[in-house]
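Structure record follows, encoded as structure tokens.
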Amino acid sequence: FHELQAELNLAFDQLVFKAAESIFKSCKVKAAIRTMDNDLMLKLGSKLPVCSDRLSEFFALQRHFALFGRSIDFNRLVTVRLNKLFRENLEYLIERFEAQDVRSGAFEFSSLLHVLQTAHVDLARRYGLDAWGDLFRELNEAVAVASFSSRLLFAFGDEIVQDLVPNSLYNPATQRFIPSRIVLYERPHGRAAWPVLPNPMFLYGAKEINEPMREWAKLHAMFFGWQHVRCLHSFLALGEVVALANMFRVQIADLLAGSLRTGFKKHAASFANLVAESEGVAVGRRYAVLQAHLGPCATEPAVKEMFQALRVVGNYVVLLDMFDDADQFLLTDAAAAEASPAKAGHRTLLASLVRSLSADCRAAWDLDGAGDSAKAGAGGPDFRSTWSCLLFLFCESSQPDHVFDVMGQGVPIGGYAVLRVLDQHLDYTNEDPSFRIEANNAVEMGDLEESDPALHNFLSKVAAARRAFRDA
């Protein structure tokens, strides 16, 4: 009798196991098809698996199933197994995100998470599943009351600080970060190990859908743009976005007090004298004079470190602007939103960044210690002359591995951000030598290409830097 009872229990457990897996798989396939891109759905056509709700509806109704004199609540048993499947699936997705580059991981994780959440919403109508919010916070380890830390926030923040920001070029035309062809910063530690896929249904429900959907997600894997930020907003809570912005603020503050300040102290005097001397030179000869004096400086380690620091600062500023422009989690004030919904909360994170950095950084950069405006200007030491020389080197293209191509447009955005933090940004474009060369050059661009290709290239890059300044 005991052996028969054990075999019966095993067979019954297998029935519950198979029933729960079939229900889970069918619901995930249906959710994946529902969220699939229309063009991809038409392309797959008859290859899409057929799914039905009949099995889910049948077992949901089995509340008092009589078996060998016992009354069994089949619905509750299937619910317990479904809760376990959702936990295992979500754990695998988070581990998969932690092991990936953020450029490829953010979009795929958001897509997989959306399919899993849609399946949970569908099944929760028939079964007493755990609430999705509780389930997600538990697996994401975001249950602390006094902290906004979580596994996803830590993984995303680590990817941004260690890889995306220091090793990416920003393109304002496409509003995307692309990997730099020269890696300027090596990660101090590797990513998590790639997890083993326990079951194909833990992706999009079925093998027939997994590969096409993964190929579709790879279309967004070689860059990072506003689409990825929108995806991150789908699983980062409001407090986590604020914590992420604070992480950016700390990184920028470290750069302003570190390599930027060190390079400034080394070159401030010589750069200021050079800019002052160029003011007495005719505009037509100013480019040649600055090129002759500044050319050797481009290879100095301190100058390269300043370019890298400015690129990182600019990339952080762009990321904050992307988060500010995201539609779902704008930090808006309710009264302001009612008065002007289009402008409420716009660039709230950036404004908060400038306010929090300005006072501390102006004090840290006051090399004379007194903050005398007659000596140092309104915001501490004069960074404008140093940035003018760096901007000229950024746009001047005679050096190998030129910084304009290696660093991207994060450099001028970062330079303007430092000027803004130090409160030295007013009327800068009217006084900068590079901008004045561009504004006062009377030769048509087409003629310059034949007469002086280097100057033509320089002016085009100055124009791009001016657009970056205007956007910033």
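All heavy atoms count here, side chains included; hydrogens, waters and symmetry mates do not. Being a predicted model, the structure only gives us computed values, none of them experimental.
Between atom CD of residue Gln175 and atom CH2 of residue Trp226 there is a gap of 9.0 Å, rounded to the nearest 0.5 Å. Put simply, CG on Asn75 and OH on Tyr127 are 6.0 Å apart, with the number rounded to the nearest 0.5 Å. Atoms CZ and OH, on Arg176 and Tyr170 in that order, are 11.5 Å from each other to the nearest 0.5 Å. Between atom CG of residue Leu422 and atom CG of residue Leu256 there is a gap of 7.0 Å, rounded to the nearest 0.5 Å. Note: Met306 CE to Arg261 CZ = 12.0 Å, rounded to the nearest 0.5 Å. Here the CG-CD distance, from Asn315 to Gln409, works out to 11.0 Å after rounding to the nearest 0.5 Å.
Under the 30°/60° scheme for interplanar angles, the aromatic rings of Phe86 and Phe24 are found to stand perpendicular. Taking the six-membered ring for Trp and thresholds of 30 and 60 degrees, His233 and Phe323 have ring planes more than 60 degrees apart, a perpendicular arrangement. Between Phe248 and Tyr316, the angle of the ring planes lies from 30° to 60°, which puts this pair in the tilted group.
For Ser180 against Arg311, the heavy-atom pair with the smallest separation is CB-NH1, 4.4 Å. Across all their heavy atoms, Pro195 and Tyr92 have their closest contact at CG-CE1, 3.8 Å. Residue Ile94 comes nearest to Leu139 through the heavy atom pair CD1-O, 3.7 Å, listed as atom of the first residue, atom of the second, then distance. Scanning all heavy atoms of the two residues, the minimum distance from Pro166 to Gln308 falls at O-NE2, 3.1 Å. Scanning all heavy atoms of the two residues, the minimum distance from Ala206 to Val29 falls at CB-CG2, 3.8 Å. What you find for Asn89 and Met201 is that their closest heavy atoms are OD1-O, 4.1 Å.
Between the side chain of Lys18 and the main chain of Asp13, no donor-acceptor pair closer than 3.5 Å is present. No donor-acceptor pair closer than 3.5 Å links the side chain of Ser110 to the backbone N or O of Ala106. Within the 3.5 Å criterion, the main-chain N or O of Asp101 finds a donor-acceptor partner in the side chain of Ser104. The closest donor-acceptor contact from the side chain of Asn140 to the backbone of Ala142 lies at 3.5 Å or more, if one exists at all. Checking side-chain atoms of Ser234 against main-chain N and O of Cys231 turns up a donor-acceptor pair under 3.5 Å. Between the side chain of Ser22 and the main chain of Ala19, no donor-acceptor pair closer than 3.5 Å is present.
At least one side-chain heavy atom of Leu93 sits less than 4.5 Å from a side-chain heavy atom of Leu116. Residues Arg384 and Leu419 meet the side-chain proximity criterion, which asks for heavy atoms closer than 4.5 Å. Residues Tyr416 and Trp387 form no side-chain contact, since every pair of their non-hydrogen atoms from C-beta on lies 4.5 Å or further apart. Taking 4.5 Å as the limit, some side-chain heavy atom of Phe177 sits within range of a side-chain heavy atom of Val318. Counting only heavy atoms from C-beta outward, the side chains of Trp194 and Arg96 approach each other to under 4.5 Å. Using a 4.5 Å heavy-atom threshold, the side chains of Leu129 and Leu82 count as touching. Under the 4.5 Å side-chain criterion, counting only non-hydrogen atoms from C-beta, Glu159 is not in contact with Leu164. At least one side-chain heavy atom of Glu108 sits under 4.5 Å from a side-chain heavy atom of Leu112.
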Could you go through residues 212-225 and list every donor-acceptor pair under 3.5 Å that involves a side-chain atom there, pairing it with any protein atom two or more places apart or in another chain?
{"residue": "Glu215", "atom": "OE2", "partner": "Lys218", "partner atom": "NZ", "Å": "3.4"}

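Under a 4.0 Å N-O distance rule, the pair Lys28/Asp122 does not qualify as a salt bridge. Salt bridge annotation for Asp158-Arg191: absent, with no cationic side-chain nitrogen under 4.0 angstrom from a carboxylate oxygen. Ion pairing between a basic and an acidic side chain is recognised when a charged N comes within 4.0 Å of a carboxylate O; Arg151 and Glu91 show such pairing.
Between Phe97 and Phe156, a ring centre-to-centre spacing not shorter than 6.0 Å is recorded.
Results of the side-chain contact (heavy atoms from CB on, under 4.5 Å) test with Leu123 over Thr79, Leu85, Ile23 single out Ile23 as the only residue that passes.
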From CA spacing to verdict: side chain to side chain contact (heavy atoms under 4.5 Å, CB included), Thr174, Asn171: CA-CA 6 Å; Thr174 59; Asn171 186 339; 3.5 Å; yes

Criterion side chain to side chain contact (heavy atoms under 4.5 Å, CB included) on Arg103 and Asp163, from CA distance to verdict: CA-CA 10 Å; Arg103 300 179 187 90; Asp163 183 46; 3.3 Å; yes

Derivation of the salt bridge (charged side-chain N to carboxylate O under 4.0 Å, His left out) call for Arg87 and Asp130: CA-CA 10 Å; Arg87 279 180 166 79; Asp130 294 340; 2.8 Å; yes

Side chain to side chain contact (heavy atoms under 4.5 Å, CB included) between Val312 and Gln251, worked out: CA-CA 9 Å; Val312 171; Gln251 294 294 323; over 6 Å; no

Chi angles and distances behind the side chain to side chain contact (heavy atoms under 4.5 Å, CB included) call for Leu390, Phe394: CA-CA 6 Å; Leu390 292 175; Phe394 176 73; over 6 Å; no

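The closest side-chain donor-acceptor pair between Ser150 and Arg137, if any, does not fall under 3.5 angstrom.
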